[in-house]
Amino acid sequence: GAVPKGNATSEGIKSLGLKKGEVVFKCPKCSSIKPDRAHHCSVCQRCIRKMDHHCPWVNNCVGENNQKYFVLFTLYICIISIHALYLAISHFIYCVSRDWKSCSGTSPPLTTIFLIFLIFEGMLFGIFTGIMFGTQMSAVCTDETGIEQLKKESRERRSRWLSMKAVFGHPFSIHWFSPFSTPRFLTAEKIYHSV
């Protein structure tokens with residue numbers, strides 16, 4: 001959802017072919033034409049459409065074009081963390097039931113330390129990514145980004161189903177759950193930054 005930098009020149013605005021009364025906003029920080037629902041990211045130094053937040057994990061902003069991938073990223077990391085937690089606990093139970101015989105290639109105290117570390121890590125990442133997944137799905141369903149929620153910006157919202165299709169594509173398919181497929185959208189909105 002990155003908006004091209006420096007396109008708010010007089011030639012750029014004229015090339016939009018605006019009708020009388022139409023207003024175009026300019027970002028004073030990056031000198032770009034600021035489309036509706038765009039916000040300036042101080043880390044990326046540019047405006048991002050439907051910006052939710054800047055994520056240090058992916059070193060990028062979560063916005064219009066990559067929200068689907070971020071939602072899937074948090075979901076799959078949460079699932080993997082829960083699976084790792086299950087494996088660590090079941091291995092610990094197995095080791096205790098066998099009196100630590102033929103349970104691991106290391107000593108019982110070292111194995112215990114490793115398993116406690118894995119259990120802690122699985123719980124930590126599982127809870128954190130589960131919360132991130134929940135907040136992202138809430139943002140998708142309410143058609144409201146994290147920044148819009150903080151600024152209490154009011155506007156007309158889409159229905160939950162249309163909001164889901166706006167992020168994951170249309171029509172519903174197994175591709176919604178694949179990070180390797182690019183979503184197809186119903187209609188293209190008027191975008192002022194395509195100069």
Side-chain angles (χ1 to χ4, degrees), residues 1-9 12-13 15-18 22-79 128-151 153-195:
V3 176
K5 285 178 158 181
N7 66 352
T9 61
I13 294 172
S15 69
L16 292 174
L18 299 174
E22 281 188 289
V23 178
V24 174
F25 295 100
K26 176 183 174 182
C27 177
K29 296 173 184 166
C30 63
S31 297
S32 63
I33 297 171
K34 194 171 183 179
D36 188 33
R37 298 185 74 186
H39 295 280
H40 185 83
C41 175
S42 58
V43 179
C44 296
Q45 295 298 315
R46 64 185 326 153
C47 288
I48 309 293
R49 284 180 55 88
K50 285 181 66 180
M51 179 181 167
D52 189 80
H53 68 285
H54 183 88
C55 180
W57 281 15
V58 295
N59 192 29
N60 204 351
C61 286
V62 175
E64 182 177 62
N65 292 339
N66 66 353
Q67 189 172 22
K68 169 194 172 180
Y69 305 109
F70 186 74
V71 169
L72 293 177
F73 173 71
T74 56
L75 172 66
Y76 294 144
I77 294 294
C78 182
I79 291 170
F128 180 72
T129 55
I131 290 170
M132 285 298 295
F133 173 72
T135 57
Q136 284 299 303
M137 284 308 295
S138 172
V140 168
C141 289
T142 59
D143 192 26
E144 184 177 50
T145 67
I147 292 176
E148 291 169 346
Q149 198 174 39
L150 287 173
K151 289 185 172 184
E153 294 178 0
S154 61
R155 57 174 195 73
E156 189 177 324
R157 309 251 185 259
R158 298 181 200 160
S159 69
R160 285 185 179 165
W161 184 243
L162 285 177
S163 297
M164 294 286 283
K165 288 196 275 189
V167 172
F168 294 101
H170 179 76
F172 174 77
S173 72
I174 194 72
H175 297 291
W176 276 27
F177 303 100
S178 171
F180 302 108
S181 68
T182 305
R184 284 188 3 218
F185 301 107
L186 277 172
T187 57
E189 295 179 29
K190 186 174 185 181
I191 299 173
Y192 283 134
H193 68 272
S194 57
V195 194

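Just so you know, these numbers use all the heavy atoms, side chains as well, and skip hydrogens, waters and symmetry mates.
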Undergrad: Show the nearest heavy-atom pair for residues P35 and R49, with the distance to one decimal.
TA: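 For P35 versus R49, the nearest heavy atoms are CB-NH1, 3.2 Å.
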Undergrad: Taking all non-hydrogen atoms of both residues into account, name the closest pair between Y69 and T182 and its distance.
TA: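 It is OH-CA, 3.4 Å.
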Undergrad: Can you see which heavy atom on C44 is nearest to which on C61, and at what distance?
TA: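 That closest heavy-atom pairing would be SG-SG, 3.5 Å.
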Undergrad: Are side-chain heavy atoms of M164 and C141 found at a separation under 4.5 Å?
TA: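 Yes; the side chains approach each other to less than 4.5 Å.
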Undergrad: Check salt bridge (charged side-chain N to carboxylate O under 4.0 Å, His left out) between R37 and all other residues, then give those that pass, not counting sequence neighbours.
TA: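 Partners of R37 by the salt bridge (charged side-chain N to carboxylate O under 4.0 Å, His left out) criterion, ordered by chain and then number, come out as D143, E148.
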Undergrad: Taking all non-hydrogen atoms of both residues into account, name the closest pair between A139 and Q67 and its distance.
TA: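 Taking A139 first and Q67 second, the nearest heavy atoms are CB-NE2, 4.4 Å.
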Undergrad: Return the NZ to CD distance between K29 and Q45, rounded to the nearest 0.5 Å.
TA: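 Here the interatomic distance stands at 9.0 Å.
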Undergrad: Tell me the closest heavy-atom pair linking I147 and D52, and the distance in Å.
TA: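 Closest approach of I147 to D52, heavy atoms only: CG1-O, 3.6 Å.
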Undergrad: Should the pair W57 and F128 be assigned to parallel (<30°), tilted (30 to 60°) or perpendicular (>60°) ring geometry?
TA: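 Ring orientation of W57 relative to F128: tilted.
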Undergrad: Can you tell me how far OG1 of T129 sits from CE of M132, rounded to the nearest 0.5 angstrom?
TA: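 Here the interatomic distance stands at 9.5 Å.
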Undergrad: Can you confirm whether more than 12 heavy atoms, excluding those of K5, are under 6.0 Å from its NZ atom?
TA: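 Correct, the count exceeds 12.
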Undergrad: Is T135 reaching over with its side chain to a backbone N or O of I131, donor-acceptor style, under 3.5 angstrom?
TA: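 Yes, the answer is positive, given that a donor and an acceptor are paired below the 3.5 Å cut-off.
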Undergrad: So, the side chain of S181 versus the backbone of H175: is there a donor-acceptor pair under 3.5 Å, distance only?
TA: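 Looks like yes, one N/O pair under 3.5 Å.
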Undergrad: Taking all non-hydrogen atoms of both residues into account, name the closest pair between F70 and C55 and its distance.
TA: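 Scanning both residues, the minimum pair turns out to be CE1-SG, 3.5 Å.
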Undergrad: Tell me every residue that passes side chain to side chain contact (heavy atoms under 4.5 Å, CB included) with I79, counting only those two or more places apart in sequence or in another chain.
TA: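 Result, side chain to side chain contact (heavy atoms under 4.5 Å, CB included) vs I79: L75, Y76.
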Undergrad: CG of N66 to CZ of F73: how many Å apart, nearest 0.5 Å?
TA: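 With rounding to 0.5 Å, CG (N66) is 12.0 Å from CZ (F73).
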Undergrad: Does the side chain of F133 come within less than 4.5 Å of V71's, by heavy atoms?
TA: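 A side-chain contact exists here, since the closest heavy-atom pair is under 4.5 Å.
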Undergrad: Using the test salt bridge (charged side-chain N to carboxylate O under 4.0 Å, His left out), find all partners of R157 that sit at least two apart in sequence or belong to another chain.
TA: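 For R157, the residues satisfying salt bridge (charged side-chain N to carboxylate O under 4.0 Å, His left out) (neighbours in sequence not counted) are E144.
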Undergrad: Name the one of I48, V62, L150 that satisfies side chain to side chain contact (heavy atoms under 4.5 Å, CB included) with H53?
TA: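 Result for side chain to side chain contact (heavy atoms under 4.5 Å, CB included) with H53: V62.
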Undergrad: For side chain to side chain contact (heavy atoms under 4.5 Å, CB included), just list the numbers for S31 and K26, CA-CA rounded to whole Å, side-chain angles, deciding distance to a tenth of an Å, and then say yes or no.
TA: CA-CA 6 Å; S31 297; K26 176 183 174 182; 4.3 Å; yes
Undergrad: Would you say the side-chain atoms of K68 pair up with the backbone N or O of S178, donor to acceptor, closer than 3.5 Å?
TA: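 Yes, because the side chain of K68 sits within donor-acceptor range (under 3.5 Å) of the backbone of S178.
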